[in-house]
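Down below is the structure, laid out as structure tokens.
All heavy atoms count here, side chains included; hydrogens, waters and symmetry mates do not. All residue numbers in this chain count up from 1 along the given sequence.
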Amino acid sequence: MSAVREARIADVERIHSLVVDLATYERSEQAVKATPDQLRTALFGPQPAAYALVAEAEGQVVGFALYFRSFSTWEGVHGLYLEDLYVMPEHRGAGHGKALLAALAALAVERGYARVEWAVLNWNEPSIDFYLSLGAVPMDEWTVYRLTGDPLEAVAERARDKPV
């Protein structure tokens with residue numbers, strides 16, 4: 001049985017460690033630039049940018065779900081975007097991931113939000129199978145785009161040249 005609760009400031013170091021574990025699993029450990037201090041500010045600063053739930057087993061944080069509010073112009077209400085969901089490999093299969101997603105779904109329903117959304121790597125078959133088993137549906141007709149680094153700077157430069 002998994003115990004899920006809202007993250008506390010004291011959990012930040014552990015959550016950060018799990019973020020690095022997740023990145024390693026996703027073959028992207030070198031991409032993690034966030035520090036525990038940045039995570040602390042994002043989760044518990046004066047204007048939180050994100051929120052987190054943690055799953056505990058035997059008093060230890062073994063998983064987390066990090067999320068933030070989104071908004072649907074079509075639905076006219078908020079949703080939740082699940083940025084990261086991770087359970088330590090040795091604790092998988094014990095219901096922690098399902099409990100984290102259930103708690104997140106409960107938050108969305110309680111607040112009158114329309115949906116919970118997230119992205120998953122195409123090669124991550126165990127996660128895809130897990131999400132499908134819950135009734136989640138892939139948004140196959142949508143492709144995620146991202147501006148970052150030099151392209152982000154180049155596009156931003158256009159706004160500096162011609163202010164809105």
Side-chain angles (χ1 to χ4, degrees), residues 1-12 14-28 31-34 38-57 60-148:
M1 177 92 182
S2 181
V4 173
R5 63 171 172 78
E6 290 183 5
R8 303 178 191 125
I9 291 177
D11 297 319
V12 168
R14 180 71 177 139
I15 293 170
H16 184 266
S17 173
L18 292 172
V19 167
V20 173
D21 289 351
L22 170 61
T24 301
Y25 173 75
E26 292 182 346
R27 307 170 190 158
S28 298
V32 177
K33 297 176 184 170
Q38 288 173 313
L39 191 57
R40 186 175 295 104
T41 299
L43 294 173
F44 301 104
Q47 293 183 321
Y51 307 90
L53 300 173
V54 296
E56 290 184 317
Q60 177 188 12
V61 172
V62 298
F64 76 101
L66 193 139
Y67 64 96
F68 53 87
R69 265 187 350 170
S70 60
F71 184 80
S72 169
T73 56
W74 291 8
E75 296 282 346
V77 295
H78 290 288
L80 295 178
Y81 188 85
L82 176 61
E83 178 68 19
D84 286 330
L85 175 69
Y86 181 74
V87 175
M88 296 169 60
E90 59 271 27
H91 290 277
R92 292 182 189 154
H96 302 298
K98 192 174 289 186
L100 284 163
L101 267 175
L104 200 57
L107 279 174
V109 170
E110 288 166 12
R111 296 174 182 178
Y113 296 172
R115 58 183 160 225
V116 176
E117 294 182 301
W118 61 93
V120 61
L121 290 165
N122 291 333
W123 58 259
N124 192 345
E125 290 294 330
S127 292
I128 292 168
D129 291 343
F130 168 63
Y131 300 142
L132 291 172
S133 78
L134 297 175
V137 293
M139 303 297 293
D140 293 332
E141 63 278 1
W142 293 86
T143 299
V144 175
Y145 284 85
R146 175 179 296 160
L147 276 175
T148 187

Go through the steps for Asp11 and Phe64 under the test side chain to side chain contact (heavy atoms under 4.5 Å, CB included), then give the verdict. CA-CA 10 Å; Asp11 297 319; Phe64 76 101; over 6 Å; no

Geometric class of the His96/His91 ring pair [parallel <30°, tilted 30-60°, perpendicular >60°]: perpendicular

Contact summary for Arg92 and Tyr25, nearest pair of heavy atoms: NH1-CE1, 4.1 Å

Taking side chain as C-beta onward, heavy atoms only, is Ser17 less than 4.5 Å from Val19? no

Evaluate whether atom CG of Asp129 has more than 12 neighbouring non-hydrogen atoms of other residues, nucleotides or ligands under 6.0 angstrom away. yes

Kindly give the heavy-atom pair with the smallest separation between Leu85 and Ala65, and that separation in Å. CD1-CB, 4.0 Å

Run the side chain to side chain contact (heavy atoms under 4.5 Å, CB included) test on Leu39 and Leu66 for me, step by step, so that the C-alpha distance in whole Å, both residues' side-chain angles and the decisive distance to 0.1 Å come before the verdict. CA-CA 10 Å; Leu39 191 57; Leu66 193 139; 3.9 Å; yes

Got more than 12 heavy atoms from elsewhere within 6.0 Å of CD, Gln47? no

Please indicate whether Gln60 has more than 12 foreign heavy atoms, meaning atoms of other residues, nucleotides or ligands, lying under 6.0 Å from its CD. yes

Give the minimum heavy-atom separation between Leu132 and Pro138, together with the two atoms involved. CD2-CD, 4.0 Å

Residues His16 and Val32: closest non-hydrogen pair is NE2-CG1, 4.5 Å

Starting from the C-alpha separation in whole Å, work towards a yes-or-no answer on side chain to side chain contact (heavy atoms under 4.5 Å, CB included) for Glu117 and Leu82. CA-CA 6 Å; Glu117 294 182 301; Leu82 176 61; over 6 Å; no

Note, Leu43 side chain near Glu6 side chain (heavy atom, < 4.5 Å): no

If I take atom CZ from residue Arg8 and atom CD1 from residue Ile15, how far apart are they, to the nearest 0.5 angstrom? 10.5 Å

Within residues 76-89 or reaching into it, pairs that qualify as side-chain hydrogen bond (donor to acceptor under 3.5 Å, both in side chains) - sequence neighbours excluded: Arg69-His78

Side-chain contact, heavy-atom cut-off 4.5 Å: Tyr131 with Ser127? yes

Tell me which one of Trp118, Tyr51, Tyr113 satisfies ring-ring contact (aromatic ring centres under 6.0 Å, His included) with Tyr67. Tyr51

Return the minimal non-hydrogen interatomic distance between Leu80 and Leu107, and the atom names on each side. CD1-CB, 4.2 Å

Could you pull out the closest heavy-atom pair between Ala108 and Val116, with the gap in Å? CB-CG2, 3.8 Å

Other residues, nucleotides and ligands only: do more than 12 of their heavy atoms fall within 6.0 Å of CH2 on Trp123? yes

